[in-house]
Chemist: 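Once you've had a glance at the structure underneath, I'll fire off some questions.
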Amino acid sequence: MDTAQEANNVPQDAEAPSPPRQYASIARNPTASETVTRTHTNGSRISRTHTNGSKIHRTSTHLSHKETRDPNLDINLPYRTFTDNANLDEYTVEKPAGEIKGGLKPDGQHHWKIVTFLPNDPENPKNWSKAYKWYCTMVVAITCFVVAFCSSVITADIIGVEKEFNRSEEVALVSISIFVVGFGLGPMVFAPLSEVLGRRIIYATTLLVAVIFIIPCALAPNIQTLLVCRAIDGIAFSAPMTLVGGTLADLWKTEERGVAMAAFSAAPFIGPAIGPLIGGFLSDAAGWRWLYWIQLIFAGVVYVLITFTVPETYAPTILAKRAKKLRASTGESDHVTEQDLDMRPFGERLAIFLVRPFQLLFGELIVFLVSVYMSVLYGLLYMFFVAYPIIYQQGKGYTAGITGLMFIPIAIGVVCSALCAPLVNKHYLKLCKQYNGSPPAEVRLIPMMHQAASALAAKTFLRSFWGAAVVLFTGQMYARLGYQWASSLLAFISLGCCGIPYVFYFYGAAIRKRSKFAYSGDDEETLDTSDERASSGELQRAMSYVSNP
């Protein structure tokens, strides 16, 4: 059901629908009589009249939160950034003139000129050469590897921190936990900011902050300095993990993205496995402070690469800069983007994005279940960081370097998993092709992908806090249960996790049918025959597997 149909469903005793959207001037100085109408995704309409005293009239139609946009929408478009009635043709068409006709200006006679990409535009990231796109992909993947490496490398010599600062093991372990907590907090802010300000500025500023605050960690005179700076580093380092998915979507078309995502997905998990391996031998040779100097070296390199060799990839930001140049060169204010015409205050847009992850986490069963599953796996990984030194260093007397070798099987498993990702993606695309690129209506229940960033932020939030928590009690668990039973407990939990993907595979589609944000479509679209439903069962399961954030 589109916006016009929603308006027709307003009860007769309700306020009459507001007139179609009218645009404010680019300077955002509305005239006294200007009226702006917009419709939220939940169906509520807001009429805002700018007079000497700002007045807002709200009329809620109490419609469902179900998604009403086309289920076959392009997931690369910035749906979360703009209102429902924004003209997103700006990002889907390429015009020789570099513009399309927009809405009426405040004078009611002239139209805005919405800036678009040109045919084969070299500034459009999707038109870059494959070699350069792969270079950008590998730079962001290596950056994520370094971030994950920095989270785990210090586990190689927690004992050194204990001894130098004369603190308990639990206090020393907080340097790991507080970094991981930062991983959970950062995405809540950096994800929405990147969709308003662009990717590059977030990469550059956060990585610079992270690099700077590694230095006081390496020189820390006391445990307080170490913990505060590790917390700041955790928040700052979370940005690349948050933005990389959007960056890859900016660069690659949907059908090309499987292999690129596989290359990225391996990096955040290989990093934690390689961290203790390198850190073990380094701490044996030079002490725990060099575990921070090595972070500074690696982080400094990726900061230079991503800041100075990877340009902006976010289309709204690229076109906004182009429109600004056109206004400056022509002396006219006609050239704009939908981002320029969005009347919502920055704070209002940001607030929506900050709330949405929690709405998805606690209101969407599929998001909650996937988040719990990933949290358990993430927690197991960080429990290994504490358990291995206990078993091999304290129990068997191995050095930190030799203990780090025990993480090699984890790295091998991650690589094997990454190699399977393109096969899964290929299988999914093959099934979609059987339906001429569009699955039957009853399987169009995939949660809308423009909600994916919020879902990922929700998942990251939950798993990071759980990963931070398990670090603090793993030592006590081994002390109480003993090496054998504590390790067996980790094995039993891992074995239990093996069954969860099958639950998603067979029941994921049924769970998503209860989604508040998944596409609902028109009533008649759900009336498929039993034969059609049966024939699409395999595709439903494939969608359930590949769509879970």
Side-chain angles (χ1 to χ4, degrees), residues 125 133-153 179-214 217 229-252 257 260-275 294-314 317 353 357 374 378 414 418 452-454 456-457 459-461 463-464 467 549:
K133 287 195 285 188
W134 269 112
Y135 170 78
C136 295
T137 298
M138 296 313 298
V139 168
V140 295
I142 292 171
T143 301
C144 290
F145 166 83
V146 170
V147 170
F149 173 88
C150 292
S151 74
S152 65
V153 66
F179 187 95
V180 180
V181 167
F183 269 16
L185 296 176
M188 299 302 192
V189 177
F190 298 137
L193 277 179
S194 72
E195 296 188 6
V196 176
L197 302 177
R199 320 285 190 206
R200 194 181 187 200
I201 189 173
I202 304 299
Y203 277 125
T205 54
T206 56
L207 281 175
L208 179 61
V209 170
V211 168
I212 290 173
F213 278 90
I214 292 175
C217 289
C229 294
R230 280 288 286 179
I232 295 173
D233 270 339
I235 295 172
F237 269 134
S238 70
M241 294 291 200
T242 304
L243 304 186
V244 66
T247 299
L248 296 183
D250 296 339
L251 292 169
W252 301 94
R257 203 174 302 144
M261 284 300 296
F264 150 70
S265 61
F269 291 94
I270 292 179
I274 299 299
I294 192 68
Q295 293 179 50
L296 180 65
I297 295 170
F298 284 4
V301 170
V302 296
Y303 165 74
V304 171
L305 290 176
I306 206 166
T307 302
F308 299 104
T309 69
V310 178
E312 179 61 66
T313 62
Y314 191 47
T317 301
F353 299 149
M374 294 301 297
Y378 201 66
V414 171
S454 293
L456 288 170
K459 180 194 72 174
T460 302
F461 176 84
R463 80 175 187 185
S464 295

Chemist: For Lys133 versus Leu251, what's the shortest heavy-atom pair and its separation?
Modeler: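 Lys133 and Leu251 have their closest heavy atoms at CD-O, 3.1 Å.
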Chemist: Cut-off 3.5 Å, no hydrogens considered: what does the side-chain donor-acceptor table look like for residues 299-309, sequence neighbours left out?
Modeler:
from, atom 1, to, atom 2, distance (Å)
Thr307, OG1, Tyr303, O, 2.7
Thr309, OG1, Tyr135, OH, 2.9
Thr309, OG1, Leu305, O, 2.3

Chemist: I'd like to know whether CG of Leu208 has more than 12 heavy-atom contacts from other residues, nucleotides or ligands below 6.0 angstrom.
Modeler: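 For Leu208, atom CG is crowded (more than 12 foreign heavy atoms under 6.0 Å).
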Chemist: If every non-hydrogen atom of Ala210 is compared with every non-hydrogen atom of Asp233, which pair is closest and at what distance?
Modeler: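 In this case the closest contact between Ala210 and Asp233 is O-OD1, 2.7 Å.
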Chemist: Quick one: are Tyr203 and Thr247 in side-chain contact, heavy atoms under 4.5 Å?
Modeler: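 Heavy-atom side-chain distance check passes, below 4.5 Å.
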Chemist: Does Ser152 have any side chain to side chain donor-acceptor pair (under 3.5 Å) partners at least two apart in sequence or in another chain, and if so, which?
Modeler: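 Applying side chain to side chain donor-acceptor pair (under 3.5 Å) to Ser152 gives none.
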Chemist: Looking at side-chain heavy atoms only, is the closest gap between Ser194 and Thr242 below 4.5 Å?
Modeler: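 No. Closest side-chain heavy atoms not under 4.5 Å.
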Chemist: How close do Tyr314 and Gly198 get, heavy atom to heavy atom, and via which atoms?
Modeler: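 So the two residues come closest at CD2-CA, 4.0 Å.
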Chemist: Can you find a pair of side-chain heavy atoms, one from Cys217 and one from Arg230, that are under 4.5 Å apart?
Modeler: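 Side-chain contact under 4.5 Å: yes.
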Chemist: What pairs meet the salt bridge (Lys or Arg N to Asp or Glu O under 4.0 Å) rule with one or both residues in residues 199-208, with sequence neighbours excluded?
Modeler: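 Non-adjacent pairs meeting salt bridge (Lys or Arg N to Asp or Glu O under 4.0 Å): Arg199-Asp250.
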Chemist: Got a sec, which residues hit side chain to side chain donor-acceptor pair (under 3.5 Å) with Ser464, two or more places apart in sequence or on another chain?
Modeler: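 Counting only residues at least two positions away or on another chain, Ser464 forms no side chain to side chain donor-acceptor pair (under 3.5 Å).
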Chemist: First locate atom CD1 of Ile235, then atom CZ of Phe179, and finally report the distance between them rounded to the nearest 0.5 Å.
Modeler: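 If I round to the nearest 0.5 Å, the distance is 10.5 Å.
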Chemist: If I take atom CG from residue Leu207 and atom CD1 from residue Ile202, how far apart are they, to the nearest 0.5 angstrom?
Modeler: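 Those atoms lie 11.0 Å apart.
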Chemist: Side-chain polar contacts of residues 181-192 - donor-acceptor pairs under 3.5 angstrom, sequence neighbours left out - could you list them?
Modeler:
none

Chemist: Supply the atom-to-atom distance Ile294 CD1 to Cys150 SG, rounded to the nearest 0.5 angstrom.
Modeler: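 So the CD1 of Ile294 and the SG of Cys150 are separated by 9.5 Å.
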Chemist: First locate atom CZ of Phe149, then atom CD1 of Ile274, and finally report the distance between them rounded to the nearest 0.5 Å.
Modeler: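 Between Phe149 CZ and Ile274 CD1, I get 9.0 Å after rounding to 0.5 Å.
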Chemist: Mind checking the CG-CG spacing from Leu243 to Leu248? Nearest 0.5 Å is all I need.
Modeler: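 Reported to 0.5 Å precision, the distance equals 11.0 Å.
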Chemist: Applying side chain to side chain donor-acceptor pair (under 3.5 Å), name anything that partners Arg463, two or more places apart in sequence or on another chain.
Modeler: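 Side chain to side chain donor-acceptor pair (under 3.5 Å) list for Arg463, sorted by chain: empty.
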